[in-house]
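Just follow the structure's listing: the first ligand is 1, and inside any ligand the first atom is 1. Atom set for the values below is all heavy atoms of this structure, side chains included, hydrogens, waters and symmetry mates excluded.
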Amino acid sequence: MKITFIGGGNMACALISGLLKQGYAADQICVIEINDESRIRISERFGVLTAADLANGITPCPSDKAGGAGNVIVLSVKPQQLHAVAQQLKGILDQHLVISIAAGIRTTDIMRWLDGYRRVIRTMPNTPSLVGAGVTGLYASSNASAQDRQAAELIMQAVGAVLWVEDEEMLHAVTAISGSGPAYVFYFIESLQQAGMELGLTANEARQLTLQTFCGAVKLANESSEDAAVLRARVTSAGGTTQQAIQSMDMNEVKSKIIAAINAANVRSREMSDEFSKL
Ligand SMILES: NC(=O)C1=CN([C@@H]2O[C@H](COP(=O)(O)OP(=O)(O)OC[C@H]3O[C@@H](n4cnc5c(N)ncnc54)[C@H](OP(=O)(O)O)[C@@H]3O)[C@@H](O)[C@H]2O)C=CC1
Ligand SMILES: O=C(O)[C@@H]1CCC=N1
């Protein structure tokens with residue numbers, strides 16, 4: 001199975017890096033990237049095949065008439081660039097499985113842009129895929145075969161965990177939670193590091209303490225059968241330091257503000273879907 005990424009940006013590079021780390025052969029991966037500088041960088045960094053345009057980068061699937069998974073095309077350009085890519089792609093597709101990672105573009109719209117081509121699976125990965133610790137939400141319409149589902153799952157599983165959703169609408173929630181999620185975590189990491197430095201720690205000390213605290217808390221939550229709220233209560237001694245911090249967060253409604261921010265991401269994902277459905 002040859003995988004061609006159309007668009008070699010942040011997310012494609014995270015997926016490619018994860019696939020290579022899992023032992024996927026570099027000569028089975030091709031990246032079509034219009035930006036010369038980025039294309040050269042990808043070629044040097046990963047040793048994968050690269051091309052500047054679709055006509056030279058998409059491998060036909062002659063061996064695939066028997067209905068195998070065949071070659072896979074991953075749509076990994078920005079959502080605003082996908083319509084133009086689809087216009088070019090529709091004449092080239094020949095039994096390929098098309099996997100979209102684009103936020104907010106419905107499967108039905110991608111199919112329509114591809115002149116009714118139906119082997120399309122929509123996914124929402126995240127950037128920790130770069131280190132094999134991603135999580136991807138996947139959605140397949142009833143047009144996708146079991147083999148197509150399996151192929152999409154295999155690729156995404158190479159870079160982390162997978163979660164199928166039955167209702168495509170739930171991909172908005174997946175996008176808001178895990179697609180964008182790493183950014184929220186980095187935001188919290190940035191805040192902790194900044195606070196540490198303001199309290200007199202060096203940048204290195206603040207970084208080490210912050211990252212190990214995140215890793216440790218996540219490992220504890222993962223390995224515990226108890227809710228995060230219970231684990232939090234165990235850190236919070238009556239009259240102690242944590243209580244002061246949590247009280248300050250509660251007074252400033254930090255939790256409801258975080259929930260509101262995630263709702264905003266969800267709303268934006270829905271808005272994008274509606275905007276793209278007009279194209
Ligand atoms: N970043 C993330 O965390 C996640 C992103 N996604 C989705 O992944 C997709 C890609 O996002 P991201 O990697 O961040 O975006 P990037 O902008 O980093 O990557 C897109 C790349 O595609 C290039 N490109 C544009 N048009 C074409 C074309 N016609 N043919 C080939 N290459 C082209 C762009 O070049 P140029 O910059 O010159 O336009 C750019 O290098 C988006 O749809 C996004 O919604 C999904 C999950 C998480
Ligand atoms: O911000 C975005 O739109 C994309 C989708 C999820 C993460 N990045």
Side-chain angles (χ1 to χ4, degrees), residues 3-18 29-43 45-46 48-58 73-92 98-107 109-110 113-114 120-131 133-139 152 155-156 159-163 165 170-187 261-273 275-276 279:
I3 309 173
T4 301
F5 289 85
I6 305 181
N10 294 312
M11 197 58 235
C13 286
L15 291 171
I16 293 163
S17 174
I29 296 176
C30 177
V31 183
I32 299 169
E33 169 56 58
I34 42 170
N35 182 296
D36 291 342
E37 231 175 82
S38 304
R39 196 173 58 254
I40 292 165
R41 210 174 32 240
I42 288 166
S43 169
R45 179 174 169 201
F46 298 121
V48 297
L49 308 165
T50 58
D53 58 74
L54 294 179
N56 293 316
I58 303 286
I73 292 173
V74 181
L75 303 174
S76 45
V77 290
K78 287 184 262 286
Q80 294 75 7
Q81 298 163 329
L82 192 52
H83 183 258
V85 166
Q87 296 310 302
Q88 290 175 276
L89 195 57
K90 58 189 179 188
I92 300 173
V98 177
I99 299 178
S100 170
I101 66 166
I105 306 185
R106 291 192 187 97
T107 312
D109 289 315
I110 298 172
W113 296 349
L114 294 174
V120 178
I121 288 184
R122 193 175 148 204
T123 68
M124 178 44 56
N126 65 6
T127 54
S129 300
L130 184 70
V131 290
V135 60
T136 301
L138 297 99
Y139 168 77
I155 292 171
M156 294 308 182
V159 294
V162 293
L163 177 84
V165 295
M170 290 320 295
L171 279 187
H172 297 301
V174 172
T175 305
I177 297 292
S178 57
S180 300
Y184 318 147
V185 174
F186 297 134
Y187 192 82
I262 292 161
N263 278 331
N266 182 64
V267 166
R268 179 63 193 137
S269 178
R270 287 173 186 278
E271 276 172 7
M272 285 165 72
S273 285
E275 284 165 21
F276 288 115
L279 289 183

If you measure from [atom] to every heavy atom of [options], which option wins on shortest distance?
atom	options	value
atom 33 (C) of ligand 1	I34, D36, L54, L89	I34
atom 43 (O) of ligand 1	I32, I101, V77	V77
atom 40 (C) of ligand 1	M11, M124, E33	E33

- Does the side chain of E275 reach to within under 4.5 Å of the side chain of P79, using non-hydrogen atoms?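 With C-beta onward as the side chain, the pair stays apart.
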- Query: Any side-chain heavy atom of W113 within less than 4.5 Å of one from L82?
  - Reply: yes
- Item | Near ligand 2, at a heavy-atom separation below 4.0 Å: residues by chain and residue number |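 Near ligand 2, by chain and number: A103, G179, S180.
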Proximal ligand 1 atoms for [X], defined as those under 4.0 Å from one of its heavy atoms:
X	value
K78	15 (O), 17 (O), 37 (O), 39 (O), 42 (C), 43 (O)
P79	42 (C), 43 (O), 45 (O)
A102	43 (O), 45 (O)

- Considering only protein heavy atoms, which is closest to atom 38 (O) of ligand 1, and at what distance to one decimal place? N35 ND2, 3.8 Å
- Task: Look at atom 45 (O) of ligand 1 and say which protein heavy atom is nearest, naming residue and atom and giving the distance to 0.1 Å.
- Result: A103 N, 2.9 Å
- Of the options V31, I32, V48, L54, which is the one that meets T4 in a side chain to side chain contact (heavy atoms under 4.5 Å, CB included)? I32
Using modelled atom types and a 3.5 Å cut-off, is there a donor and acceptor pairing between side-chain atoms of [X] and backbone atoms of [Y]?
X	Y	value
R122	Y139	no
T123	G137	no
S76	G7	yes

- Before signing off on this row, confirm whether N10 and ligand 1 have an N or O atom pair separated by under 3.5 Å. yes
- Message: Counting only nitrogen or oxygen atoms and a 3.5 angstrom limit, does Q81 reach ligand 1?
- Response: yes
